[in-house]
Each structure stands twice: as C-alpha cells, then as structure tokens.
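So that the names make sense, note that chain A is the first sequence line, chain B the second, and so on, each numbered from 1.
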Protein chains: 2
Amino acid sequence: MEKRVKTINDSLVRIYGDILWIEENELRQSRFKDLTIKDMHAISAITMYDQKTASQVAKELHLTPGTLTSTIDRLEKKDYVKRIRSNNDRRVVRLGLTKKGRLMYRAHDAFHRMMVDSFLKDVEPDEIKTIEKALRNLENFLREHS
Amino acid sequence: MEKRVKTINDSLVRIYGDILWIEENELRQSRFKDLTIKDMHAISAITMYDQKTASQVAKELHLTPGTLTSTIDRLEKKDYVKRIRSNNDRRVVRLGLTKKGRLMYRAHDAFHRMMVDSFLKDVEPDEIKTIEKALRNLENFLREHS
DNA sequence: TTGCTTACTTTGATTATCAAAGTAAATGAG
DNA sequence: CTCATTTACTTTGATAATCAAAGTAAGCAA
C-alpha cells in the first residue's frame, strides 16, 4: 500500500476502534451508567425530533425487528424511550424519547459536537470543503457497496 | 449545533454505522464465510508482520484477556492464526497468521485500500495535508479522553 | 526458597443477537 | 363485504461474544 494511503488507513482504523470504547467509558462515568453504548446509539438514532417507526430505526441500526423490540423493551423499562401507537395504522409503533431520554440525547450530542470541533480545529473554512468532499466520496463508496 | 458541524457529524455517524455492516456483507460473499467481522478485525490486528503478544492484541481490540483467549482458540481451530510460545519468556504467547490467515489479511487490506482510495478521490495532494491534519486532531482528542 | 508479579487460560453467568413462528391490523381482489 | 395476503411488530428458543473472577504456570526479587 502506498505509504500515505496506509497512514490514513491506519489512522481511520485506530479512530474507528477507539471511539466506541471511549464513548463507553464516558458513559460509565456519567449519570447514565445504566446504559450500554448500544443503548445510547439506539437513543441517538431515535432522536428527539422525528418519531420514527420501529422499522426505520431497526434499519438504521442494522438490527432485525426482534432485536429492536428487545432493545426498546429495555429502554422503555429504564424510562428513556416511549412507544407511541400510530393512530393511522395501529400496527405501527412510533418511537419517542422521554425527558430522561432527551437529556441523554443532548449529552451524547454534546460529546459528538466536541469531537467534530476538535476534528476541525485549525482547519480553514475553504479546507472544510475538502473534508466534506472526502466524506461524500466515502459515503458514495459505501452506498455502492451496500 | 452549527449546521456545518452537524452535517459532518451526521456523515461520520452514518459512515461509522455502515462500515461494519458492509464489511460483514462483503465477508459473507467471499471465500472466508466462516469468519465474523470481529474475527476479521482480530486477524487484521494481529497483522502479517509483527508477531505481537496476546496482551498487545487484547489491548488494541479493547478485549479482556479471557475474551482474547477464546477468540484465538476459535481462529486457531479454523486455521487462520497460530500461537507461538516465546522462548525468552514461556508465559508469553506470540501471535502469527497461517497461510490462510495471510490470504484473509491481504483481502481485508485490499478492501481498506479501496475505501481510502475512494475517500481521497479528487483530493489534491496539498488537500491531503488538510485531511491528515484533521485526522491527527481527532486522534489527539481521543487520546485526551482515554 | 518463598512470596509477589505477570501472562495467559478456564469457568460460570450474562446479554445481544438472530431466524423463525406468532399475532394483529391493513389492504386488495373478487 | 369477505377472505387471502401482506405488513409491522412481538415472542420464542438457540447461539455466541463477552466479562469478572479464579486458576495455572513462569519469571523475578530478596
């Protein structure tokens, strides 16, 4: 592998591996000790805003419907998430966050904001375009392969 | 969250979530169907080159010693990895790849190479410096938080 | 020699996950 | 309108990854 490509690859691999682990540690030291990172990412995917359906969230998280059901059971029991039966279609479960869930959501979002801010530290506005281009490239690559 | 930061964050989150899943699918269609992505990442961490110790690999993968032992048991049984008892210190297990393991390693590396190549498509040499800077920033941030 | 430390393995329990079967609501063809 | 089919989710039963803690065996130090 060309050296530059290899360096960037190694960096991406390290970052990828470390992020989950660091998020887990931050979580354990926070007031949300009763959650795993998977729980946190479920809360993050549900979001404060949309009232997505269970199927939508399952797809985003690449989980089977059964697994999502048990994830939601757990988060509902711990009072982070609530199920809202759709009135249009009584089969559909829409998902929302409780007050506690919204607190968690904001805390996680704040951590991500810090992470991205650090990522862009000393990066000039016109350089940001380069980064956005590269990320779009990668997303396109992943889309082609899925 | 500032709009630009939010866009980049969302992009990173999508990429993060999709990569594992896509690697898993590629794997299932390949000649290495008997491996999970976790197995693959263990093989990737062991590398073709270093003969790292079990402890080093466990640390890199953020696994406990016990979990690493069972991972290695599995990969040794499937003939991807071999244990090599150190002669200097008979407690130490050094890890190496078998022929099959090296094949897998190269295949996975090739996929990563494609991914990074796509990431850097249309990115000019001087723009690559920007990307390297941003990745260094992120690695420093993660180091501070671990 | 004896006690302490290190490197790994074993054990037992827990938990996330999936595939497949089940339930209940919506839809559509006749 | 009715019944077969599809859709959206839940339940069930099994499997596998993981961890903490205890165990083993080798090295080290006094």
Could you give the [atom1]-to-[atom2] distance, from [X] to [N], as a whole number of Å?
| X | N | atom1 | atom2 | value |
| --- | --- | --- | --- | --- |
| A:L35 | C:dT15 | CG | P | 14 Å |
| A:R85 | C:dA26 | CZ | P | 10 Å |
| B:L20 | C:dA16 | CG | P | 17 Å |
| A:K59 | C:dC18 | NZ | P | 16 Å |
| A:Q56 | D:dT7 | CD | P | 16 Å |
| B:L75 | C:dT9 | CG | P | 13 Å |
| B:E24 | C:dT17 | CD | P | 11 Å |

Pick base, sugar-phosphate or nothing for A:R94, based on heavy-atom distances below 4.0 Å to the nucleic acid.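 Since no nucleic acid heavy atom lies under 4.0 Å of A:R94, the category is nothing.
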Going 5' to 3' through nucleotides 11-30 of chain D and flagging B where a protein heavy-atom sits under 4.0 Å of the base, S where only the sugar-phosphate is that close, and - otherwise, we get B-----SBBS-----BS---
Can we say A:R14 and B:E60 salt-bridge, meaning some charged N sits less than 4.0 Å from an Asp/Glu carboxylate O? no
Partners of B:E26 by side chain to side chain donor-acceptor pair (under 3.5 Å), sequence neighbours excluded?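 For B:E26 the side chain to side chain donor-acceptor pair (under 3.5 Å) partners, ignoring immediate neighbours, are A:H145.
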In chain order, what residues pass the side chain to side chain donor-acceptor pair (under 3.5 Å) check against B:E132, with sequence neighbours excluded? A:R4
Tell me, which pairs form a salt bridge (Lys or Arg N to Asp or Glu O under 4.0 Å) where one or both residues lie in residues 96-108 of chain A, sequence neighbours left out?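 Qualifying pairs, neighbours excluded: none.
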Provide the full list of salt bridge (Lys or Arg N to Asp or Glu O under 4.0 Å) pairs with a residue in residues 65-75 of chain A, sequence neighbours left out, each pair given once. A:D39-A:R74, A:D73-A:R83
With sequence neighbours left out, what residues match A:L12 under side chain to side chain contact (heavy atoms under 4.5 Å, CB included)?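 For A:L12, the residues satisfying side chain to side chain contact (heavy atoms under 4.5 Å, CB included) (neighbours in sequence not counted) are A:I8, B:V116, B:L135.
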